[in-house]
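Remember, it's a predicted structure, so these values are computed and weren't measured experimentally.
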Amino acid sequence: MNFEKRDIILIVGLLLFMIGLIPFMAPIYAVLIAIAMYFGIKFYVGVRKKSIEKELGEGMCLECGAKIYDQKCPNCDSLNEKL
């Protein structure tokens, strides 16, 4: 697993959340909830990132925002060929 700046921010936020839970429950339960939230968020972000990469494919055209196929934009390249 590769740590990035946003991972450190997530860990700090969950630690603060865990500290906030301690007055209301046993510390071990607060730790378990924080760990479960960390892995749940990491799993959700991973699934979401894969779905966005699958949706975009090779990328997006900067002119019209269409999905690029075979390194060509279906809208802009077809207009340039007609001119």
Asks: Starting from the C-alpha separation in whole Å, work towards a yes-or-no answer on side-chain contact (heavy atoms from CB on, under 4.5 Å) for Ile33 and Phe17.
Replies: CA-CA 9 Å; Ile33 289 171; Phe17 182 75; 4.2 Å; yes

Asks: Could you measure the distance from the CG atom of Leu10 to the CE atom of Met37? Nearest 0.5 Å is fine.
Replies: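 Between Leu10 CG and Met37 CE, I get 8.5 Å after rounding to 0.5 Å.
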
Asks: Mind checking what makes side-chain hydrogen bond (donor to acceptor under 3.5 Å, both in side chains) contact with Arg6, not counting sequence neighbours?
Replies: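 Result, side-chain hydrogen bond (donor to acceptor under 3.5 Å, both in side chains) vs Arg6: Glu4.
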
Asks: To the nearest 0.5 Å, what is the distance between CZ on Phe39 and CG on Leu14?
Replies: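 Phe39 CZ to Leu14 CG: 11.0 Å, rounded to 0.5 Å.
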
Asks: SG of Cys73 to CE of Met60: how many Å apart, nearest 0.5 Å?
Replies: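 Reported value, rounded in 0.5 Å steps: 10.0 Å.
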
Asks: Give, for atom CD1 of Ile11 and atom CG of Leu16, the distance between the pair rounded to the nearest 0.5 Å.
Replies: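 Going from the CD1 atom of Ile11 to the CG atom of Leu16 covers 12.0 Å.
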
Asks: Take Val31 and Met18 through the side-chain contact (heavy atoms from CB on, under 4.5 Å) test and state the conclusion after the steps.
Replies: CA-CA 6 Å; Val31 170; Met18 180 185 69; 3.4 Å; yes

Asks: In chain order, what residues pass the side chain to side chain contact (heavy atoms under 4.5 Å, CB included) check against Val45, with sequence neighbours excluded?
Replies: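 Per chain and number, Val45 pairs via side chain to side chain contact (heavy atoms under 4.5 Å, CB included) with Ile41.
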
Asks: Tell me whether Tyr38 shares a hydrophobic cluster with Ile28, the cluster being built from Ile, Leu, Val, Met, Phe, Trp, Tyr side chains joined at under 4.5 Å.
Replies: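 Yes, one cluster joins them.
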
Asks: Give the cluster check for Ile22 versus Leu32: same hydrophobic cluster or not, with ILVMFWY residues linked at side-chain heavy-atom distances below 4.5 Å.
Replies: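 No, separate clusters.
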
